[in-house]
Peer 1: 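This is the structure, below, for whatever I ask next.
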Number of protein chains: 4
Amino acid sequence: MEQRQQRKLDHIRHALALADGPQTNGFEDVRLVPQALSGVDMNAIDLGCAFLGKRLRLPLLINAITGGTAQVTGINAALGRVARQAGVALAVGSQAAAIRDASLWPTYRVARQANPDGVLIANVNPNVAVADALRAIEAIEADGLQVHVNVAQELNMTEGDRDFHRWLDNIAAIVKASPVPVIVKEVGCGISAEVTARLLDAGVRYIDTGGAGGTNFVAIEQQRRQVPAVQTAQDAQTPSLLPADQAALMAWGLPTAVSLAEVLYAVRRFRREARSSTAVGQQEHLPAPGDDVHVIASGGVRGGFEVAKALVMGASLVAVAGEVLRYLLTPQGDWHESGEQAALDYLDRLQRGCATAMTMVGSGDIASLQRCPYVLTGATQAWLSQRGMN
Amino acid sequence: MEQRQQRKLDHIRHALALADGPQTNGFEDVRLVPQALSGVDMNAIDLGCAFLGKRLRLPLLINAITGGTAQVTGINAALGRVARQAGVALAVGSQAAAIRDASLWPTYRVARQANPDGVLIANVNPNVAVADALRAIEAIEADGLQVHVNVAQELNMTEGDRDFHRWLDNIAAIVKASPVPVIVKEVGCGISAEVTARLLDAGVRYIDTGGAGGTNFVAIEQQRRQVPAVQTAQDAQTPSLLPADQAALMAWGLPTAVSLAEVLYAVRRFRREARSSTAVGQQEHLPAPGDDVHVIASGGVRGGFEVAKALVMGASLVAVAGEVLRYLLTPQGDWHESGEQAALDYLDRLQRGCATAMTMVGSGDIASLQRCPYVLTGATQAWLSQRGMN
Amino acid sequence: MEQRQQRKLDHIRHALALADGPQTNGFEDVRLVPQALSGVDMNAIDLGCAFLGKRLRLPLLINAITGGTAQVTGINAALGRVARQAGVALAVGSQAAAIRDASLWPTYRVARQANPDGVLIANVNPNVAVADALRAIEAIEADGLQVHVNVAQELNMTEGDRDFHRWLDNIAAIVKASPVPVIVKEVGCGISAEVTARLLDAGVRYIDTGGAGGTNFVAIEQQRRQVPAVQTAQDAQTPSLLPADQAALMAWGLPTAVSLAEVLYAVRRFRREARSSTAVGQQEHLPAPGDDVHVIASGGVRGGFEVAKALVMGASLVAVAGEVLRYLLTPQGDWHESGEQAALDYLDRLQRGCATAMTMVGSGDIASLQRCPYVLTGATQAWLSQRGMN
Amino acid sequence: MEQRQQRKLDHIRHALALADGPQTNGFEDVRLVPQALSGVDMNAIDLGCAFLGKRLRLPLLINAITGGTAQVTGINAALGRVARQAGVALAVGSQAAAIRDASLWPTYRVARQANPDGVLIANVNPNVAVADALRAIEAIEADGLQVHVNVAQELNMTEGDRDFHRWLDNIAAIVKASPVPVIVKEVGCGISAEVTARLLDAGVRYIDTGGAGGTNFVAIEQQRRQVPAVQTAQDAQTPSLLPADQAALMAWGLPTAVSLAEVLYAVRRFRREARSSTAVGQQEHLPAPGDDVHVIASGGVRGGFEVAKALVMGASLVAVAGEVLRYLLTPQGDWHESGEQAALDYLDRLQRGCATAMTMVGSGDIASLQRCPYVLTGATQAWLSQRGMN
Ligand SMILES: Cc1cc2nc3c(=O)[nH]c(=O)nc-3n(C[C@H](O)[C@H](O)[C@H](O)COP(=O)(O)O)c2cc1C
Ligand SMILES: Cc1cc2nc3c(=O)[nH]c(=O)nc-3n(C[C@H](O)[C@H](O)[C@H](O)COP(=O)(O)O)c2cc1C
Ligand SMILES: Cc1cc2nc3c(=O)[nH]c(=O)nc-3n(C[C@H](O)[C@H](O)[C@H](O)COP(=O)(O)O)c2cc1C
Ligand SMILES: Cc1cc2nc3c(=O)[nH]c(=O)nc-3n(C[C@H](O)[C@H](O)[C@H](O)COP(=O)(O)O)c2cc1C
């Protein structure tokens, strides 16, 4: 098996085996304000929303997980069926493998076959050539294209990238060429306000926080190095980091709630600037209106209360990856008979949790939820206050 | 036994069995300022006050607990005698059962018989028809009417309500029709500033915080579902919430001290607005003057220091439910010989605790207590500061 | 033995047996700023200061402990010798016993005999008749008179006072009549800013914080009630407080550092007002100039770093009671051969600790120490910030 | 063996044996802001910088450790070789021994012999005569001269200094006479803003924080007193401090991150004043331009993330002492075969850790790193905010 293909299976296996942390997703610091009169009929709550030109029944995305090797084709097909039945969006895993080896496209395409009318999103890394990005979209008739940025993960892979200086320019080029919207996402370390500003300037209009508190790729890669399935000569040579640095790296990243607040802060600034420059008539080279920016909250989301909190803070959508896998597969990462139903039940309970929270804060739909008061506490509040973003 | 009647007994049994929490009532964050000179004669301390047109010896209400089934009639009679002897107010439990089945009125009426001249309060849910609310008042010659709002509890009962959109209008209608003042109360999740504003606009002039930190109905209903006395078909079908959401629900609610501060904040705003609109002469459709608003602090109150703290913060009255039960009944919820005396002793020690605190902050009566300085700390201070209410 | 006399021995025994707390003295929140260049010759450090018209070698007072029964006469004599040799001030314990029974004056007078030229301070309660206060002074040729206020202690003694309404007036009368300065002191619950303002208005110019964190009389009296040496009929009748209130009472009181900051805050305000009223020429009914106010920091002081911190904050003197006893007597409260030397050694090490701290913050004398920067942190900082006193 | 020589070995042995603490270096409170796009080619990261007129490959100094006795000559030679190979600066230990006994100069000179072209720094105490300081420089052809201030350590040595009143003047005299720049350094208790201001006024332009969190000389000296290698008559006589004071002393000192912020705060003020006084033309008696001030962060630094944090905060260089020893020697302080290689590997991993952090915050060189945003949290933030330095 090729190293890259083995990695896919390793990631799944280790993601399932690892406990979360050391950081939390920060949503415990985001407090909703109980509204004792409610005013809502819970059974009438509408969580439907538009996303990438289609309707979702839930403001939810099953985030990029897999593809690129025969063993995971079944997973992508299953995720496609789950997404269709639950009415949520789905992203396939990194399509880099198929870009290298065209025989692997079907391992992604099954997701589209299982869900012909749903929202399906392609996924590439930020080193990919523009033409290859377009092929990734085409291959699954994607409604959008995710570009994942994952510096910490790369630095923790023996075989990972070390040179990131072309990423932003390449993303800008992809945005220009892409027939569908481009979503830039982290994979567990979060997007900061500064990065958001640069992405917006580069024309990106969809940002997925991919914050810390859930799947931790630093931990996963460390596990992989300790129990490597394919031993490489490089492994032995890699001088490991000092214990203090290793610990710092494990805890690296903006918790999802912090990242979400940072991204939204930068988006609000961007919108203000967009409006004020419109005001003075410089219509021409204007970016697309700021109101078209969409923020996806992800990283360690597990329950419906967290979904509600993310929406209250201003997210348009919430994404989950690791937690869906835990319902779909066995703890060892193997296929299991009723996994698909379990994943569907999971999404159903997630919806119920979100609706419960909405009822208790008196919001019958997403728009009303986004006007709800909330309170920031603890480390999240302290961080944002020090950053001047509260 | 009817489901609703069995529920009464279940509630009592589980309320006694459950430990408090996970939240505290927040009064540990409210710090009194020792006044070493005192200036008070503790034996001359007067805790008497007016409530609903009558005199109380203590600013205390034994809050709504029970009624509606033969087995609890003795409890209501005992509470009536205790309230009379201690000179405190008493609310009966929800009278919905008797509204459905008129044979049950006597299970509430015993409280009035035991305490003909005391302050007795009727209790209904916010779905009740106006006419039924009036019957509930009449049935016990009530001095006031409690309407309990309990969204979290309902959502945790398989048989509970899911539709809350009519509550506020119905409360407004009851207020208009009621010959006695209407008290809106939560049952353990607290009233926020926003809800207070709406209630005041709807004409409500008595608000009982019913905050978190004491009896936790989410926990109680969960216990009931795990050990259901009456197994229903519904039980099995109910898709339970995700673990993360279940935990969020258990810790839902504003701690009593927080809720008290929120309610008082909204009341002060309301009073200011009432005054300023009077100033410009719009006398006619004015709500009753803001100074007639009364705030009752309840939820997890156990001792006299907490009573003193609630009064210092601005409450007019304090209410206890669960703690009285713990003295009146055995830990298993059974009748016990000297329970009535134990409950009386409890109230006596509560008074003594309050008087001790008053002596140490140099206040001889409630009016003086309400001018005492106090300090907010910890999570309560942080919350209120984030809410802009400090 | 009379109840009051037995109490003296009980207090000593229990004070020695009890661990500190539950509160700390708060000095852990007061942080000195290391000054790496020092600039000080530690061996030349001068801790001498004036107090009550005499010179002390250390800014230290051995606070009121005992007297009034034959068994403790030896303690007062020993303390007198220790104070003389160490060059510190000494206060005798409450002289109420001798006021009632003139045969007991010698149990206090031994302290003066042992230390004819030192600073010796009389001690009475605030109920004492003016004439009796004068006798207490005379009896030991006192340089000053302490009036102790101890509401929490009284309320915890079955035989204690309950009526405190005359205290302030009586203190004012004593101040007027006394030929020596009057010191008002708490005994472990601290003096607040409000109390300070009243005492200053009543003409008091010496205030001893007596804050929480050391000897805890609520705990002592509780121990005494549990293991009463003299069983009284009252004991059985006393309805004890509720557990929640008992816990609140145990933790009652301003920690010493907090109380010190509160007292100094009120003193600074008083000085400003004194000055500004002088400015507009209302010379006549002016209180003695504010600069003559002296603040003594006490309550749980154990080491020399705490002494330094109190002086940095603005105290003129520091007092210790419980800790001196621990060196003078055996843990059981019995006499012990080398106790006097141990107490002297203790004071020597206290001085050394203070001088060490002074060297490290670069202060060679008390005046320079009082200009040192310091940092408030933790609960002490939070309290003072909420009180608007930082 | 002379007492001073034995002390050298004791210090090494105890430094290796002691765990860090009780304070941390504070860098856990300094949070970098992840920049998900990076923009950096990690392999091209340049950590080179100028220091004392020469080039370093890393902004790192192996801080003053030893010399002055034959047994440690090998250590100085080894450190010299390590410094040369790694391209970092090196300071020898205190040269006081050689100043007293000229036969000991070679124990320091080996470091220069091992590293003829590198940055080597002499080290003296602040009591040393100016002429002796110059001899110390000459003896190793030093590029700079460290003067260590270590009040807490001296006070904890039975044989230590007690008189520090001449230090500042002597440092000023040394600065005037020295042909090379003078670095004033603490050895584990940190430099405050006030001390920084005085040093800048005295003409010092290099300050090394030497903060708390790493090697703790109070703890080391205490260990030495408990297990003294050379028993002296003085040992028995030394009256030890009270337990409370001993604990305060153990935790004395500004954590490195706090000290770094304090020093930099004072440096910024100094620069502002320097500029504004230039503006009005008082060119003559001006101190060297403020921009020539260099701040070295040291005390408990272990990993590369800490190096990066120190640089982000504004340090020019970072120094390590204790941690290098742990790689160079056995845990018992003995020579070990591969120690030199281990120390080199350590520096390599430190560089890698720093480069990893730089990549993840998107900085390719030190200048860019120093413009990175960072967030202060916890006790460090609270301290600086109370000091008005945030
Ligand atoms: C097994 C596994 C494989 C993943 N593969 C990809 C991938 O190929 N591309 C990508 O953008 N993200 C990938 N992710 C990251 C997720 O999309 C998501 O950003 C991250 O797991 C954080 O979300 P979570 O905490 O909900 O898992 C993967 C995650 C897991 C658990
Ligand atoms: C056994 C039990 C039954 C209760 N029944 C009612 C009720 O019927 N109506 C109502 O308004 N509140 C009811 N409550 C709620 C109490 O009135 C009160 O709001 C709540 O228990 C919080 O106060 P506590 O912490 O002092 O118990 C009940 C409480 C208990 C413990
Ligand atoms: C055994 C004992 C007896 C005391 N008796 C008196 C007293 O008679 N009068 C008084 O003003 N304070 C008395 N005190 C209180 C002390 O003067 C002091 O205010 C208190 O103990 C707090 O200081 P500390 O923590 O250093 O002990 C007594 C303290 C102790 C330990
Ligand atoms: C064994 C040992 C000996 C030391 N000797 C000296 C010395 O002679 N002169 C000096 O200025 N600092 C000396 N130091 C202090 C270090 O230079 C440094 O300031 C201190 O150890 C804090 O840094 P660290 O936490 O990285 O060890 C010594 C440190 C150690 C561990």
Side-chain angles (χ1 to χ4, degrees), chain A residues 20 24-25 27-45 300-309 320 323 326-327 344-362 364 371-378 380-382 384-385 390, chain B residues 126 148-152 154-156 160-171 184-196 198-199 202 207 209-212 238-249 251-254 258-259 262 379 382-389:
Chain A
D20 303 316
T24 64
N25 63 23
F27 282 118
E28 69 281 4
D29 288 339
V30 181
R31 310 276 296 276
L32 301 174
V33 183
Q35 301 298 354
L37 288 169
S38 180
V40 168
D41 177 357
M42 183 173 156
N43 292 322
I45 281 183
V301 171
R302 272 161 207 89
F305 274 67
E306 292 161 318
V307 173
K309 288 175 176 183
V320 287
E323 197 70 358
R326 280 188 199 100
Y327 287 90
L344 274 170
D345 283 353
Y346 167 66
L347 294 178
D348 196 47
R349 292 159 82 197
L350 197 76
Q351 188 275 343
R352 179 177 303 269
C354 183
T356 299
M358 289 172 75
T359 305
M360 297 197 306
V361 298
R371 290 188 305 269
C372 274
Y374 66 95
V375 171
L376 291 179
T377 64
T380 300
Q381 192 278 325
L384 294 170
S385 142
N390 58 346
Chain B
H148 61 259
V149 291
N150 61 339
V151 174
E154 295 293 339
L155 296 183
N156 273 279
D161 285 336
R162 295 294 178 269
D163 182 1
F164 310 104
H165 84 272
R166 275 180 2 97
W167 277 13
L168 183 56
D169 287 348
N170 198 42
I171 287 171
V184 172
K185 73 185 283 273
E186 240 289 351
V187 301
C189 292
I191 304 274
S192 66
E194 291 86 358
V195 166
T196 304
R198 287 197 191 155
L199 291 173
I207 296 175
T209 61
T238 315
S240 62
L241 288 172
L242 293 168
D245 291 335
Q246 197 57 53
L249 211 54
W252 186 255
L254 299 169
V258 171
S259 175
E262 292 232 345
W383 175 281
L384 294 170
S385 141
Q386 290 294 314
R387 286 275 273 168
M389 295 181 183

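Because only heavy atoms are used, hydrogens play no part in the values below, and waters and symmetry mates are left out as well, while side chains stay in.
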Peer 1: Is there a side-chain contact between B:Trp167 and B:Val149, using heavy atoms and a 4.5 Å cut-off?
Peer 2: yes
Peer 1: Sort out for me which of B:Gln246, B:Glu186, B:Glu262, B:Glu194 touches chain A most, counting heavy-atom pairs under 4.5 Å.
Peer 2: B:Glu194
Peer 1: Can you check salt bridge (charged side-chain N to carboxylate O under 4.0 Å, His left out) on A:Glu323 and A:Arg326, steps first, answer last?
Peer 2: CA-CA 5 Å; A:Glu323 197 70 358; A:Arg326 280 188 199 100; 2.8 Å; yes
Peer 1: Could you tell me whether the side chain of A:Gln35 reaches within less than 4.5 Å of the side chain of A:Leu32, counting heavy atoms only?
Peer 2: no
Peer 1: Can you tell me which portion of B:Arg198 sits under 4.5 Å from chain A's heavy atoms? Options are side chain, backbone, both or neither.
Peer 2: side chain
Peer 1: Considering only heavy atoms, which portion of A:Gln381 lies under 4.5 Å from any heavy atom of chain B: side chain, backbone, both, or neither?
Peer 2: side chain
Peer 1: Specify which of A:Thr377, A:Val33, A:Asn43 makes the most heavy-atom pairs with chain B at under 4.5 Å.
Peer 2: A:Val33
Peer 1: Chain B heavy atoms under 4.5 Å from A:Phe27: which part of the residue, side chain, backbone, both or neither?
Peer 2: neither
Peer 1: Tell me, side chain or backbone of B:Ala382 under 4.5 Å from chain A's heavy atoms, or both, or neither?
Peer 2: neither
Peer 1: Between A:Gly303, A:Ser38, A:Ala355, A:Ala36, which has the largest tally of heavy atom pairs under 4.5 Å with chain B?
Peer 2: A:Ala36
Peer 1: Pick from A:Val30, A:Leu350, A:Asn25: which one makes a side chain to side chain contact (heavy atoms under 4.5 Å, CB included) with A:Glu306?
Peer 2: A:Asn25
Peer 1: With only heavy atoms counted, which part of B:Leu155 is less than 4.5 Å from chain A, the side chain, the backbone, both or neither?
Peer 2: side chain
Peer 1: Would you compute the distance between atom OG1 of A:Thr359 and atom CD1 of A:Ile45 and round it to the nearest 0.5 angstrom?
Peer 2: 3.5 Å
Peer 1: With the side chain counted from C-beta on, respond yes when A:Val375 and B:Arg387 share a heavy-atom pair under 4.5 Å apart, and no when they do not.
Peer 2: yes
Peer 1: With a 4.5 angstrom heavy-atom cut-off, could you sort out which part of A:Tyr346 is near chain B: side chain, backbone, both or neither?
Peer 2: both
Peer 1: Charged N to carboxylate O under 4.0 angstrom, A:Arg302 versus A:Asp20?
Peer 2: yes
